[in-house]
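Proteins get letters first, then strands, A, B, ... in listed order; numbering begins at 1 in each.
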Amino acid sequence: MKQMSYAAALVDGLYEALASDEKVSIVSGHPVGFGPHRALMDRVYDDFHDRIFDPPNSEAAIAGMGAGAAMLGERPFINLSTSIFSYVGWSQIVNDAPNVHHMSDGMLTAPVVYYGLHGVRGNGAAQHSGSPQAMLWNAPGLQIALPSSPSDVKGLLLWALRSRNPTFFLTHAKLLSIEGPVAEGLYETPFGVAEIKRAGRDVTIIATSLMVVVALQAAETLAKEGVEAEVVDPRTLTPFDEKTLLASVERTGRLVVVDECPLRCGVAAEITATIAEKGFKFLKSPPVRITRPDVPIPFSTPIEDELVPNAAKVVAAVRELLR
Amino acid sequence: MSSNSNPPLDKSTAQRMAERMLVMRRFEEKTLDLFQRKLIPGMYHLYIGQEAGGSAVLDALGSEDSLLTNHRGHGHVVGRGSDLGRSFSELLGKANGLTGGRGGSVHMCDPERGFLISSAILGSNISLALGAGYAIKRSGEKKVAVVFFGDASLEEGITFEVMNIAAMRKLPVLFALENNNLGAIALHEGGYSASNSVLKQFTRIPELFGVKTVQLLAGDTLASKIAGAREAVDYCRAGNGPVFCELQSVHWPGSNMVFAQMLTGVMDLGMAWGEREPQGEHAGWVRDHDPVLRMAREFIAAGLMSRDELLALDRKVCEEVECAAQFAIDSPLPEPQSAYHHVFA
Ligand SMILES: Cc1ncc(C[n+]2csc(CCOP(=O)(O)OP(=O)(O)O)c2C)c(N)n1
Ligand SMILES: [Mg+2]
C-alpha cells in the first residue's frame, strides 16, 4: 500500500492497464486536467507515447471511434474531459456502444471506456457543472462507474478496461486531490460490489462519487452527537449491488441518499425507488433524498453553494429523520 | 484583406476604433489583476491580442444586429458597448452583473445590445447563430447575426452542418473565426489550445459550401481590416447569404496556459513611438504584434490621431475601467435564495 492522491491513482491505473494489455490505448491524454495534476501524466506519455492520441475537439467522432475500435478488440480509453462534453457524442455513447451487443444477437460487443469529470467543480456555471450519470443510467447495456476513493479509482478502471461491456467512468474535479492508500501493481475492483465506507447502526447513507466524501464528513459530525451513520457506496450504478444496500437498510431501518444529479429522475431517485420497492418492510421512516434541486448551476459562489449537497445538509436531514 | 486599395479611414472611425480597442485591452488587464487578487472565481479567458479583428467586425455592425460569442468573449461584450461596471460585476459573480452572477465569464450576454448568449460549448454558439440568422431571414429585416468562435470549433462536426444549412438557406450569418493560432503552443508542447486539424487554411471549410470568405490577416492594417469587415457585413446584410470572416491574430503569449499570465506587461502606449522599448522574453510580441500598439502607430502615421490624443483617450479609458472595477468590487453578491430564480420564464 502506498498513500497517493486520487489523480495519481487514476494515472497509475492507466499506466498499469497500458503496461499489461497492449490493446489498451488512450484518446485524449489529460484525464486529470491541465491544472496541478497535469504532470502526473508525464510518465505515461514518456513510456507509451505511441499509444496516446490527443484528438481534435471532436467528441462525437471519438465516441464513435472508441465503440468501433472496441468492436474489433481494441480497449480504448476515450477521455471526454469534462463529462458534459459527452453530450456532443451522446448518440454514440448511449445509442451505439451499449446497443451493439444486443443488436448483434450477442455476437458483438463494444467494450469501450468513456471517461469524464462530472459535477459541480466550483464556479463552472450552468454548462460545466453537470452530472450525466442519471441520464446514462437510462441507457441499458452501459456500465457506469463512480469511484469515490484513490483505491477504487484505480481498481475500477482496471476492471473496466478488461470488462466485456462498454463503461462510462466518471470522476470529479473535487476528488482529484484527496489522498488514500492504494495497492501497488495490478489489481481489479469488480463492478457491482458496493462498499460500506463506514459502519453504523442508526441510519444508512447511500452516496456516490464526491458525495461519499460529503457523507463521511457528515457521519463524523453525527458521531459526535451519538448517531452512528453507515455510509454505503455502490461504486457502480450498472451493475448495481442492491443486496449490500438492502442489507444495510435492514440493519439501520433508515435511509438517506445523497447525490449530485438534479432531483427528478436522478441517481437518488432510482436508488430510493429500489430500496422502497424491495426493502419497504425495513424502513422505519420515509427515505430522504439530498440532491441538487432541479435548477441549473449558477456561476457565483453563494448561489452555487445554495444548490449543492454538502455535509451540513446531510447532518440536518439525519437529525430530522431521527427526531 | 491584403489589398492596399482601401479608402483611407476618417477621423471619427479612427477615434471609435481606438477607444474600443483600448477598452478591450484595459478591461482585460484589469480582469487579470482582479483574478490575481483572488476576486474572480472560476475560469476566464482573456481577449488580449485579438482586439484588431474583433473591433473591425464590431465597428461594421449596426445596433439592431445580433451577436453571439464563446468562452473568450469579454472583448466582444465590452467592445459592443456593454456597461463596464456590470461586466466586471459579472466576472466577480456579483448580483448586478450582466447576468446577475449566474453566467460568469463564459456566459456573458446583453440582449439590449443584441448580445445573445455566450456558449462555452465548442460549436454550440455557431448553431445558435444559425437560428438567429433563420429568425432574421423569416422576419424579412435587413439584419445580421454574427458569431465569434475560435479555431477549435472547426474541429467539431456541428460547424460543418451549420455552414451547409446557412449556405443552403442563404441565411444572414457572419461566421467570425477568431484564429489566434499563429504562434500558439500545442498541447503536446505543453501549451493549451492550438488548432489540432489537418487543415491549416481554415477558409477552405466555408469554401466547400460556397460560403463567401474574407480574411483579416494579422499583419493587415486596421484600415484594411475595417474595409474587409464592412464588406463581409454588407454582403450578409444585402441578403446574399452567409460570410466566413477569418480574424487572424498572433497568439498572445500570456494565454498559453489555462490561467493567463501578464507575460507581456501592461500595455504602454509610449512603446508605439519608441519612447520606451519592450523588454523580456516576449518583447517581440509587444514590438511586432500587439494590435493596440500597431493601431496607435497606424493612426499616428496616417494623421488620424496624435500621440497626445491617444494618451488622453487611454487615460480616460483607464479611469473608466478603474471606476468600473471598483463598482464591481463594492457590489453585493447575490442572495442565496435567488439561486432558484429564472429556471422557467
Ligand atoms: C464541446 C467542447 N469540447 C471541449 C471544450 C473545452 N474547451 C474549452 S475552450 C477550448 C479550446 C478552444 O480553442 P479555440 O476555439 O481555438 O479558442 P481560443 O481559446 O483559442 O480562443 C476547449 C477545448 C468545450 N468547451 N466544448
Ligand atoms: Mg484558438
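For a heavy-atom cut-off of 4.5 Å, chain A lies close to B/P334, B/E335, B/P336, B/Q337, B/S338, B/A339, B/Y340 in residues 334-342 of chain B. Heavy-atom proximity under 4.5 angstrom to chain A picks out B/N196 from residues 195-203 of chain B. Proximity to chain B at a heavy-atom threshold of 4.5 Å picks out A/I84, A/F85, A/V88 from residues 81-89 of chain A, in numerical order.
For A/E304, no part sits under 4.5 Å from any heavy atom of chain B, backbone or side chain.
Counting only distance, with no hydrogens or angles, the side chain of B/K94 and the backbone of B/I329 share a donor-acceptor pair below 3.5 Å. Side-chain N or O atoms of B/R86 include one that pairs as donor or acceptor with a backbone N or O of B/N96 at under 3.5 Å. Between the side chain of A/D294 and the main chain of A/L263, a donor-acceptor pair closer than 3.5 Å is present. Listed for the B/E178 side chain is no donor-acceptor partner under 3.5 Å among the backbone atoms of B/F149. Distance alone, capped at 3.5 Å, places no donor-acceptor pair between the A/N57 side chain and the B/A152 backbone. Judged by distance alone, the side chain of B/E28 and the main-chain N or O of B/I48 form no donor-acceptor pair under 3.5 Å.
The CD1 atom of A/I52 sits 9.0 Å away from atom CG of A/D46, with the distance rounded to the nearest 0.5 Å.
Sorted by first then second residue, the side-chain hydrogen bond (donor to acceptor under 3.5 Å, both in side chains) pairs that include residues 31-44 of chain A, not counting sequence neighbours, are A/D12-A/R43, A/H37-A/S177.
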